[in-house]
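Here's the structure we're looking at; comments come further down.
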Amino acid sequence: MGAPEEGPARHYLLARADFQSLFDALAREGYTTLGPTVRDAAIVYAEIRNVEDLPIGWTDRQGPGTYRIERRKDDALFGYNVGPHSWKGYLYPSRERLWAAHRSPSGFTVEPPEAAPPRYAFLGVRACELQAIAIQDRVFDGPYADPAYRARRASSLRIAVQCGQAGPTCFCASMGTGPRVGPDHDLALTELLGPGSHRFLVQVGSPRGAAIADRLPLRPATEEDLRARDALVDQATSSMGRSLRTDDVHDLLLGNPGLHRWEEVARRCLACTNCTLACPTCFCSTTEEVPDLSGDRVERWRRWDSCFTLAFTQLGKGSVRRSPTSRYRQWLTHKLASWQDQFGSSGCVGCGRCITWCPVGIDLTEEVAALREESSAKTAVSGGER
Amino acid sequence: MPRKGRPKVAVWKFTSCDGCQLSMLDCEDELLAIADAVEIANFREATSAVVEGPYDLSLVEGSVTTLSDARRIQEVRAQSRLLVTIGACATAGGIQALRNFANIEEFRQAVYARPEHISTLSTSTPIQDHVPVDFELRGCPINKDQLLEVLSAFLDGRSSNVPTESVCAECKRRGNVCVMVARGAPCLGPVTQAGCGALCPAYHRGCYGCFGPQESPNTASLIRRLEALGMDGPARLRVFRTFNASNPVFRAASEAPAGGNP
Ligand code: SF4
Ligand code: SF4
Ligand code: SF4
Ligand code: SF4
């Protein structure tokens with residue numbers, strides 16, 4: 001099977017009854033499968049081995065600062081939207097030992113790094129998440145490459161799943177990152193669930209995806225199956241819960257650091273870091289040396305950091321971004337504006353996690369709209385002058 | 001350079017439950033390394049041997065609740081090059097600081113069979129209200145890894161790496177599902193300093209605030225959220241008045257009117 005192409009020739013069908021064969025094929029190819037499962041009142045990502053581990057018949061209900069799982073009326077395997085976890089936790093772990101060294105007669109010796117990278121298969125990667133991984137690729141595999149990230153990324157497999165519905169906090173359509181799964185994946189599945197029929201459209205996106213597909217009991221797809229997939233994409237597009245205007249956002253945020261709205265949102269913001277750490281693209285970290293008590297051995301650890309902490313901008317005389325206002329402004333401005341200058345795309349894929357998982361439900365789409373409104377009101381009053 | 005000598009370290013107990021000292025004894029794997037690196041000069045939970053001062057480092061557990069506590073902490077300070085308080089009692093007065101909000105005489109009569117034998121101050125105060133403190137290690141009880149970090153930093157003459165960010169940061173790194181968002185459970189994590197590893201949320205409970213306020217706590221906003229989740233004023237007073245009741249930030253949060261702004 002070669003390059004991904006449209007048309008039924010490159011599309012196959014996998015029956016629901018045969019879905020376990022995908023898990024078995026991944027295991028035989030040496031992958032550790034990570035995917036959605038119900039745990040701790042949410043649909044999280046964890047190691048899974050069997051089709052029964054999937055959130056069969058579950059969905060989620062999300063809003064700003066709230067998330068609940070509930071039963072669906074059907075037995076869909078992938079009938080939910082993105083949850084608290086993202087694949088970032090596997091490609092760029094929240095805590096990672098970078099290296100260790102011990103004292104030696106001649107100075108110090110750096111210990112060899114740990115074993116070969118894990119071979120992960122990510123099952124259930126949504127369109128926005130594929131784009132989030134692509135964004136982190138530009139961060140970690142750009143001019144300042146991170147070898148550990150690159151190794152984990154290179155050995156992992158992305159099995160995408162098409163969203164058939166969007167959630168109330170989703171806005172991928174605004175960000176141009178979804179809901180249609182893009183061509184850059186290893187395998188893409190679309191769950192087709194109708195009266196008396198439950199099957200998966202399988203699209204092959206890479207040679208490694210093809211190696212898995214070769215092990216599955218597939219049959220050819222028809223034009224009708226592709227039309228069913230397109231109808232699901234349309235359904236997801238029309239159920240998009242939120243939207244964000246992007247054409248003016250770069251100049252709007254970078255050009256208006258003094259708007260009153262920044263102060264207003266900072267009165268609600270807890271500076272708790274949840275939004276940045278839940279975000280699938282935020283990449284900031286801090287490193288710390290951890291010596292043992294003898295002082296003869298030291299480890300260097302890296303852990304996720306956030307622009308909402310004071311230590312993030314700690315210099316000799318204290319923190320540069322002392323006010324919560326300046327910290328919220330940093331987050332939003334980096335995410336939506338200066339990210340474009342830095343990496344050539346927005347830092348936001350519209351997944352909605354920062355809205356759902358903010359304990360006080362701060363919604364960046366609402367903040368951008370309010371900032372725009374205040375800015376244009378100001379412009380109108382001052383006769384268009386700046 | 002390898003280190004020279006073994007500094008003298010003393011552990012002192014004031015009014016407390018001994019839980020923080022027990023956290024030290026809980027460092028089973030590291031106890032030998034600790035004993036190698038420092039001379040334990042005074043540690044009543046672990047040994048009856050007492051070495052005369054002065055001490056290079058004193059670790060102080062507990063709050064000041066009696067006149068003799070108040071006198072003794074002056075002596076400890078005078079004998080110590082560095083003084084580090086460990087735990088919520090030493091750092092914020094502890095749970096026993098609830099007396100600061102009540103009539104101590106009523107407690108004395110209600111609790112003790114022979115109240116005339118009880119000699120006590122009407123308040124429980126943190127060590128820093130009495131003597132200068134070089135570093136405060138928070139928690140109820142303290143986290144043993146943070147204690148080891150403080151000791152190791154002391155041995156190397158560097159500042160210790162004890163983050164002052166929120167519990168939420170640890171909660172997310174741990175991969176917990178937020179109990180406030182997914183269960184509507186009240187949680188003090190967003191206003192509380194990290195250190196416990198987000199233990200309670202990992203077991204589906206909201207954070208109790210054991211480590212005191214984080215570096216920039218926005219209690220007013222959290223209070224509005226807690227109210228939206230159904231918490232009334234008396235319940236809020238109770239959640240902010242536990243181990244750090246006397247901390248000014250938590251005290252103000254316990255007393256703030258509805259809406260959170262003092
Ligand atoms: S900023 Fe928010 S919506 Fe955008 S990618 Fe990050 S978490 Fe998702
Ligand atoms: S928004 Fe903040 S935490 Fe996220 S990448 Fe930018 S600076 Fe880092
Ligand atoms: S925007 Fe929300 S999640 Fe982010 S730091 Fe503020 S309160 Fe926390
Ligand atoms: S459970 Fe509590 S500590 Fe954890 S993220 Fe939610 S609010 Fe923060």
Side-chain angles (χ1 to χ4, degrees), chain A residues 39-46 60 62-69 83-85 89 93-95 103 266-278 286 288-296 298 303-306 308-312 319 322-324 327 356-362, chain B residues 1-3 27 30 32-38 145 148-149 151-153 155-156 158 161 163-185 187 189-192 194 201-204 214-222 224-225 228-229 260-261:
Chain A
R39 181 180 297 173
D40 299 340
I43 296 168
V44 302
Y45 295 150
D60 52 71
Q62 305 192 32
T66 164
Y67 176 103
R68 294 290 183 278
I69 51 170
H85 292 169
S94 61
R95 277 181 59 77
R103 204 189 293 281
R267 280 199 289 278
R268 285 176 281 134
C269 175
L270 302 162
C272 66
T273 77
N274 273 303
C275 47
T276 47
L277 304 190
T286 185
E288 55 186 341
E289 257 60 62
V290 186
D292 72 358
L293 281 168
S294 71
D296 290 333
V298 66
R303 60 182 155 84
W304 289 353
D305 200 359
S306 162
F308 280 95
T309 71
L310 284 175
F312 191 81
S319 191
R322 229 173 296 240
S323 72
R327 286 179 262 159
T356 298
W357 299 98
C358 170
V360 290
I362 292 174
Chain B
M1 290 294 289
R3 298 197 193 106
C27 300
E30 297 87 0
L32 281 177
I34 295 176
D36 267 353
V38 302
D145 293 322
L148 290 168
E149 163 61 13
L151 283 176
S152 142
L155 288 164
D156 289 333
R158 61 180 171 86
N161 191 352
T164 53
E165 65 198 11
S166 69
V167 172
C168 299
E170 293 187 304
C171 201
K172 280 282 174 288
R173 285 191 207 107
R174 188 172 177 151
N176 289 346
V177 175
C178 174
V179 300
M180 195 133 74
V181 170
R183 298 172 195 264
C187 181
V191 298
T192 300
Y203 293 94
H204 312 156
Q214 58 123 313
E215 57 195 14
S216 59
N218 185 348
T219 51
S221 176
L222 182 67
R224 290 192 292 275
R225 182 75 190 129
L229 291 174
N261 288 311

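Convention: sequence-line order gives letters A, B, ...; per-chain numbering from 1. All of these numbers come straight from a predicted model, not from anything done at the bench.
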Atom group of [X] that falls short of 4.5 Å from chain B, counting heavy atoms:
{"X": "A:A266", "value": "backbone"}
{"X": "A:V44", "value": "side chain"}
{"X": "A:D60", "value": "neither"}
{"X": "A:T276", "value": "neither"}
{"X": "A:P359", "value": "both"}
{"X": "A:T309", "value": "both"}

Using a cut-off of under 4.5 Å on heavy-atom pairs, state which of [options] scores highest against chain B.
{"options": "A:S319, A:A271, A:G65, A:P84", "value": "A:G65"}
{"options": "A:R322, A:H85, A:R303", "value": "A:R303"}
{"options": "A:V360, A:V290, A:L277, A:L310", "value": "A:L310"}
{"options": "A:I69, A:T66, A:N274", "value": "A:N274"}
{"options": "A:Y67, A:F312, A:F308", "value": "A:Y67"}

> For B:R173 and A:S94, which heavy atoms make the closest approach, and how far apart are they?
Replying inline: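 Of all heavy-atom pairs spanning B:R173 and A:S94, the closest is O-OG, 2.7 Å.
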
> Shortest non-hydrogen contact from A:T273 to B:C168?
Replying inline: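 Between these two residues, the closest heavy atoms are OG1-C, 4.2 Å.
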
>> Below 4.5 Å, heavy-atom pairs only: which of B:G175, B:S152, B:A182 has the largest tally toward chain A?
In response: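 Going by pairs under 4.5 Å, I would pick B:A182.
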
> Which one of B:H204, B:Q214, B:E215 has the most heavy-atom pairs closer than 4.5 Å to chain A?
Replying inline: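 Maximum pair count with chain A is reached by B:E215.
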
Should [X] and [Y] count as side-chain neighbours, where that means a heavy-atom distance under 4.5 Å?
{"X": "B:S216", "Y": "A:R327", "answer": "yes"}
{"X": "B:L222", "Y": "A:L270", "answer": "yes"}
{"X": "A:L293", "Y": "B:L155", "answer": "yes"}

> Would you say B:R183's side chain and A:R68's backbone share a donor-acceptor pair under 3.5 angstrom?
Replying inline: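 No; judged by distance alone, with no hydrogens or angles, the pair does not exist.
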
